[in-house]
Amino acid sequence: MKSHIEVQHIEKSKIDSVDFNNLPFGTVFSDHMLECDYKDGKWQTPVIKPYSQICLDPSAKIFHYGQSIFEGMKAYKDTKDNTLLFRPLDNCKRLNKSAERLVIPQIPEELFMDGLKKLLEVDNAWVPTNEGSSLYIRPFMFASGNGFHASPANEYKFMICTAPSGAYFAGKVKVLIEEKYARAANGGVGFAKAGGNYAAQFYPTQLAIEKGYNQIIWTDDNTHEYIEEAGAMNIFIRINDTLITSPTSDRILDGITRKSIIQIAQDMNINVEVRKVTVSEVITAAQSGSLKEMFGTGTAAVISPIAGFGYQNTDYDLPELEETFAATLKKAITDIQTNKVEDPYGWRVFL
Ligand code: PLP
Ligand code: COI
């Protein structure tokens, strides 16, 4: 049975004021948003309404205790004007995994999918058609219930906002391997897309930016010897012709792009190793010339090649290769996402 969704249409669309040939990332918002309240122990009727400010009590627990989680996904258009999503149920399942950890109520899959599809139907004109652009979708849930008691709220909001967006990074990124700070710890919330994980990254990332880097490569909190993630991306390291990525854990987000890239690479007969990788292995490979590529993967960034990295006051440049795994795999995944090739995995979902 389809969820009942109330729709309040905008009086006049803002779409004519948007330059679709020059889209920033995540700052131009589509006409509508979805809002659904959880109160009295249940989800209320979801409402699609004009994108607008929301009103919260100053004691809402989101402000004080950070009970807040989100997802990142994208909608694409193919050449026949079909709208497609990529593995959307995986985002819903991950949102619920994050919700469980943050004691936020589970969102029913039907409500998530029906609400998302309806919102995309209403704002279909906002899904960009130009190469490299897409409609970035941000589902999120947070504690709207109030009170200063440090305990879970009794009211929540589930919302979805969308933003036609261009590239997340302008070009290759230069990263710093972190030796002091950590983004996550065993038993913590690193595996969840909790807002606080990102807030905690801002300070060390700001220090890295001041030193001339764009992003941090996070290492394990205990020894700082193992490579874990790159900012808001999972990380892949190519040594000779083998692609290595860390296993996911309590501390590492189970990235949907990551698991898709592992599958695609294996099916292209690229040797993929999912195993722990030490900083010293990467440094040794960089020194011997066997380190060929490093790249980050994520919904926002897709595949972001790394130009070089810093570690213990030394910079290491990566070689400029003519043919890279990063470019080949980026084309393979975006061709599936935009319906240019067959989808042997059943990852695409049409609106
Ligand atoms: N790691 C972190 C910390 C992230 O924020 C993201 C972004 O979503 C990813 C990895 C990549 O995950 P996905 O490929 O599902 O977008
Ligand atoms: C995404 O890749 O969708 C993310 O959630 C990263 C985000 C922090 C911009």
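Residues: numbered from 1 along the sequence shown. Counting convention: from 1, in listed order, for ligands and their atoms alike.
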Within the 4.0 Å heavy-atom shell around Gly72, which atoms of ligand 2 are there? 3 (O)

Looking only at distances, please establish whether an N/O atom of ligand 1 is found under 3.5 Å from an N/O atom of Glu229. yes

Determine whether Asn234 and Thr257 satisfy the following criterion, side chain to side chain donor-acceptor pair (under 3.5 Å), listing intermediate values before the conclusion. CA-CA 8 Å; Asn234 295 108; Thr257 320; over 6 Å; no

Taking CD in Glu320 as the centre, count heavy atoms belonging to other residues, nucleotides or ligands within less than 6.0 Å. Is the count above 12? no

OG1 of Thr205 to CD1 of Ile216, rounded to nearest 0.5 Å, is 4.0 Å

Would you tell me which option among Ala230, Ala232, Ala301 has the nearest heavy-atom contact to atom 4 (C) of ligand 1? Ala232

What part of Leu253, side chain from CB on, backbone N/CA/C/O, both or neither, has a heavy atom under 4.0 Å from ligand 1? side chain

Side-chain contact, heavy-atom cut-off 4.5 Å: Ile227 with Thr278? no

Test item: Pro164 and Tyr136 side chains (from C-beta on) under 4.5 Å apart, heavy atoms: no

protein heavy-atom neighbour closest to atom 2 (O) of ligand 2 works out as Ala300 N, 2.8 Å

Answer yes or no: does atom NZ of Lys74 have more than 12 heavy-atom neighbours from other residues, nucleotides or ligands under 6.0 Å? yes

Apply side chain to side chain contact (heavy atoms under 4.5 Å, CB included) to residues Asp220 and Arg251 and explain how you reach the verdict. CA-CA 8 Å; Asp220 67 288; Arg251 301 183 305 270; 4.1 Å; yes

For atom 5 (O) of ligand 1, what's the nearest protein heavy-atom neighbour? Residue, atom name and distance, please. Tyr198 OH, 2.4 Å

Give the atom numbers and elements of ligand 1 that come within less than 4.0 Å of a heavy atom of Gly231. 3 (C)

Nearest heavy atom to atom 15 (O) of ligand 1: which of Ile256, Ile261, Ile235, Val302 does it belong to? Ile256

How about Ile336 and Ile264: do any of their side-chain heavy atoms sit closer than 4.5 Å? yes

Indicate, as side chain, backbone, both or neither, the part of Thr297 found under 4.0 angstrom from ligand 1 when only non-hydrogen atoms are considered. backbone

Output yes when the distance from some N or O of ligand 1 to some N or O of Gly72 is under 3.5 Å, and no in every other case. no

What is the nearest protein non-hydrogen atom to atom 7 (C) of ligand 1, stated with its residue, atom name and distance? Lys193 NZ, 3.1 Å

Need the ligand 2 atom indices (1-based, order shown) with element for anything under 4.0 Å from a heavy-atom of Phe70. 5 (O)

Gln337 versus Thr334: any side-chain heavy-atom pair under 4.5 Å? yes

Polar contact flag, side-chain donor to acceptor under 3.5 angstrom, Asp78-Thr338: no

In ligand 2, the atoms that come under 4.0 Å of a heavy atom of Tyr168 are 9 (C)

Evaluate Lys193 for polar contact with ligand 2, using N/O atom pairs at a separation under 3.5 Å. yes

Looking only at protein heavy atoms, what sits closest to atom 14 (O) of ligand 1 is Thr257 OG1, 2.5 Å

Around atom 6 (C) of ligand 2, find the nearest protein heavy atom and jot down its residue, atom name and distance. Ala232 CB, 3.7 Å

Does any N or O of ligand 1 fall below 3.5 Å from an N or O anywhere on Thr299, backbone included? yes

Quick test: of every protein heavy atom, which one is nearest to atom 12 (O) of ligand 1, and how far off is it to 0.1 Å? Gly255 CA, 3.4 Å

Take every heavy atom of Ser260, measure it against each atom of ligand 1, and state whether any distance is under 4.0 Å. no

Test of understanding: given a 4.0 Å heavy-atom threshold, classify the contact between Arg183 and ligand 1 as side chain, backbone, both, or neither. side chain

Counting from 1, what ligand 1 atoms have a heavy atom of Arg94 closer than 4.0 Å? 12 (O), 13 (P), 15 (O)

Give the numbers and elements of all ligand 1 atoms closer than 4.0 Å to a heavy atom of Gly298. 11 (C), 14 (O), 16 (O)

Ranked by distance from atom 7 (C) of ligand 2, the top protein heavy atom is Arg138 NH2, 3.7 Å

With a 3.5 Å distance limit and no angle check, can you tell me whether Ser304 reaches the backbone of Ala301 through a side-chain donor-acceptor pair? no

N/O to N/O below 3.5 Å, does that happen between Tyr136 and ligand 2? yes

Heavy-atom side-chain proximity of Ser290 to Asn240 below 4.5 angstrom: yes

Please verify the inter-ring angle class for Trp126 with Phe20; under 30° counts as parallel, over 60° as perpendicular, anything in between as tilted. tilted

Should we say atom CD of Glu179 is surrounded by more than 12 heavy atoms from elsewhere, each under 6.0 Å from it? yes

